[in-house]
Structure formats: structure tokens, C-alpha cells
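Counting convention: from 1, in listed order, for ligands and their atoms alike.
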Amino acid sequence: MKALKKYKFWFLTGSQDLYGDECLEHVASHSQKIVDCFNKSGKFPFEIVWKPTLITNELIRKTFNEANLDPECAGVITWMHTFSPAKSWIIGLKELNKPLLHFHTQFNEEIPYDEIDMDFMNENQSAHGDREYAHILSRMEIARTTVVGHWKNENVQNKIASWMTTAVGIAESSSIRVLRIADNMRNVAVTEGDKVEAQIKFGWEIDTYSVNDIEKYVSDVSDEDADKLVDEYYEKYEMLQGDKDDETFRRHVKEQAKIEIGFERFLEEKNYHAIVTHFDDLGNLKQLPGLAIQRLMEKGYGFGAEGDWKVAAMVRLMKVMTAGKKDAKGTSMLEDYTYNLVPGKEGILQAHMLEICPSIADGKIGVKAEPLSMGNREDPARLVFTAKEGKGIAASLIDLGTRFRLIISSVNCTKTEKDMPNLPVASAFWTPEPDFYTGIESWLIAGGAHHTAFTYDLTAEQLGAWGEAMGIEVVYIDEKTDIRSLKRDLMLGKSIYG
Ligand code: MN
């Protein structure tokens, strides 16, 4: 799995030459101090790069175009320290193609009551200059995130850091390559979609190979390599053999080790970041990829089942956006399976045939090899666990025929009331916001799928801002949702994007 680029963000300060050299020296030193403070704070997931003050049309245009061409630059942060006439920014802004944050701050926190004079006022007038700048951004309908407040304020810093995650999602989205080794499950609607439009909108490349192309890589895995990996499994996981004897169980597990190694070699060699399988199209594979896919997801690959390339790409996008996050709790594909409808205990049991990412596991992970009760293969080995408690988001990207809609549901994960000793797959259990009934009614009205891309580690805003940057409708289902306003949102979405 290739590591992410070392992304950086540029800090651009606006001014003009009307105030004299001394003032411009102060402007430059102030913005340098802010950038130094940010970089030393440990709050930002990426480095911020200070750039010389922008005071002319030519320099603004040149700097923005340098940002466009720098593959490591994931976004620009702009701040008008003094007044910077906004006509100077028009051409540069027109050409800028990186995510933009408008940072509305000022160097001093307090008005210096005893010393303040007109020189101070001219030098520290972002309240004035940033309005001129924001006006032209609004007039030009330039998408941006606006953060308001003193630069030392923790909340302000957190908002900028949060935007960086979205910016990296925007930067990485256009590099996502999905490998499909099966087509869509017969007759299923929601997993279908327009792959050309997905490439135009999101930059995703979605290619199909025959399952036997990749199966060759599996059968070529040496016994030695497979056994080494099986030993690792035996060390790391609890083996829940059931009524299988040692040798039979190990043989089942080894098949998944071969799949993990073979699939990863194929993905790496051909530079794919996500994979799609289908239980009904397994070619020469002896088992449905279960444990193998679970571990690949944990390594950062996206995954979608039954031909679902949209979920595979979304899981990969979430993996990329949350890579390196401190105390991350995990990201996985999940599927709405069955309900608990007991009043006061309502929730949705999330699972899949096998393929849930162990990054979301809470505590011990076991390995089982049980019949699938579908298809005609060996009992596939799979990792079994239950998911962590806590808040998360479940996302569904659907194709409405003429456009995409991204639905983001805020959910609260809890433990099920009782253990489920006979359930041979990993699972999560959650209740959507604002409550079970409104959350699910909203999901159904919005047309959300049964497969979702789920994470504990992004906010709805972070993912929603990615969707907005892609130019698609984003529907939020959260603590503020009520059915009447949701319907109004969908009508508005239709009139804007339809
Ligand atoms: Mn499924």
C-alpha cells in the first residue's frame, strides 16, 4: 500500500503597497509568527508553508498557479492582514484549482486601548480587508471554507485542521483506482452506477478484470509464504475451530492467506487502491475472500461487495482521509442487515457475509471457518468481532440516473444487549440520529443503499464538504433532521442539481 504524499498547505497573506515598507514588514512577520505557532502546535495533521505577502495582481496569479502545479500542495489558506483591493485577486482566483480556506483572523487579540492610533488601525484591519476579499469570493461563487477567530484560539485551530482532512480527500479522490473482479449482482439496482460520470465528478478509475486473472496470483503463492502468514494469524487471533479438526481448520485459514498475498500482489503491481468482489462470481477461487479482504481493508484498501464499486471507492476515500489520525477508531464497509425493534432498544445490526474491516473491532478478534449458506465453495475463514462503541457516520453514494447524491447519516454505535454466539461474522450495532424511526425514514426517503461506507473518524461536515467540492448533492441525516425539512432539502437538491 503506497503511503500518502507529504501534503502541505500554503499560507497566503494579502496586503497592498499603500502603507509603506514598515507596515509590510510587520504584516510579513505577523503571518510568519502565526505559521510558526501552527506548525509547532501539533494540532495540524500537515505542515503549513508560509509564503511572502501578496500585494499585486501578478504575484497573486503567479502564486496561485504555483500552488496549482505543486502536487504536494493540498490547499491554500488566505488572510487579508490589511486592505487588499479584491480586483487584484480576480484572475488568480479564477485560475486557482486547489481547496481554499478563508482565515478571518487578526494578529492582536485585544484592542490596544492605550496605544491605538491610525497607524495601528491601517496595519490591523482584516475586519475591513477580509470583507472586501470575501465579497469577491462570493461574487465569483468560489467554494471555500471560512474560519473566523483569533489564531491562538483552540477551536479556530481545530476548524482549520478539520478542513485539511477534507482538502486531502479532494486531492486524493482523483487518484482512486478501483479493481472490479466481478460485475454487479444480478438484478440489484442500488449498487449500479455510471462509472464514466464517477470519473468526471470524482476522478475515480474503475476497471474490471476477470476473477481468474487475479486467481492466478493466488495459486502462484508459495506454501512457504502462505504458511508464514498463517503463523502470523495464529499468533494474532483466537482460532475458533468449531467442530473442524486442527488440520482441516488450518487448511481453510491458509486458503485466505494465499488470497491475501495474491490479491495484494495484484493490487500493488497494477496500482489499485480498492477492490470489488462478488460471492456469485469466484472463478477458480476455492473460497469467497473473507479474512483476506478484511485484512486488506485494514491495510487501507477500499472494498465493496457484489460489484459495489461506489462503496469500494468511498471506503478507500475514508481510509485516505483518516490516514494517520491519532486515536483512530476505524473505517469499514458495512451493510444494514436486521433490526432490533423492541421499544427503547431500537437499532440496526450491521454485518456482511464476511467482509468487515477489523480496524473497527473492539477487543479480541477470532477466526472462524463456517459455511456461507450461499454459493458453492469451501467454508471461508473470516475474522469475527464486534465493533467499538461511539459516534460515527455511515455514507451512501447513490446514482439517481442523471446525478449522484451523497447521504450521510450520523449514528451512535453501541453493544447489543446480549452476545450472539451463533453469528459467525463480525458485526456492529447502531442507532441513527436523530432517533431510530426518523433516521431510517429519512434514509429510505433519500434512497440510501443497504451497503454503506462507515467511519468513526470523520465528521459529517468533513465528508459533506468533500461532496460539495465534487459538485454533488449532499443530504445530512443527523440530530437536526426532521422529515419535513428533509423533504424540502431533497426538493431544493432536485432544483439545483437535478
Ligand atoms: Mn451485500
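A side-chain donor-acceptor contact under 3.5 Å links Tyr217 and Glu269. Under the 3.5 Å distance criterion, with hydrogens and angles disregarded, a donor-acceptor pair is assigned to the side chains of Asp308 and His451.
Its N, O or S atom nearest to the Mn ion (ligand 1) is what matters here, and for Glu335 that atom is OE2. Looking at Glu306, its N, O or S atom nearest to the Mn ion (ligand 1) turns out to be OE1.
For the Mn ion (ligand 1), the set of nearby N, O or S atoms under 2.8 Å includes none belonging to Asp308. Within the 2.8 Å limit, His352 places at least one N, O or S atom next to the Mn ion (ligand 1).
Residues Ile393 and Thr459 form no side-chain contact, since every pair of their non-hydrogen atoms from C-beta on lies 4.5 Å or further apart.
A salt bridge links Lys299 with Glu260: the closest approach of a Lys/Arg side-chain nitrogen to an acidic carboxylate oxygen falls below 4.0 angstrom.
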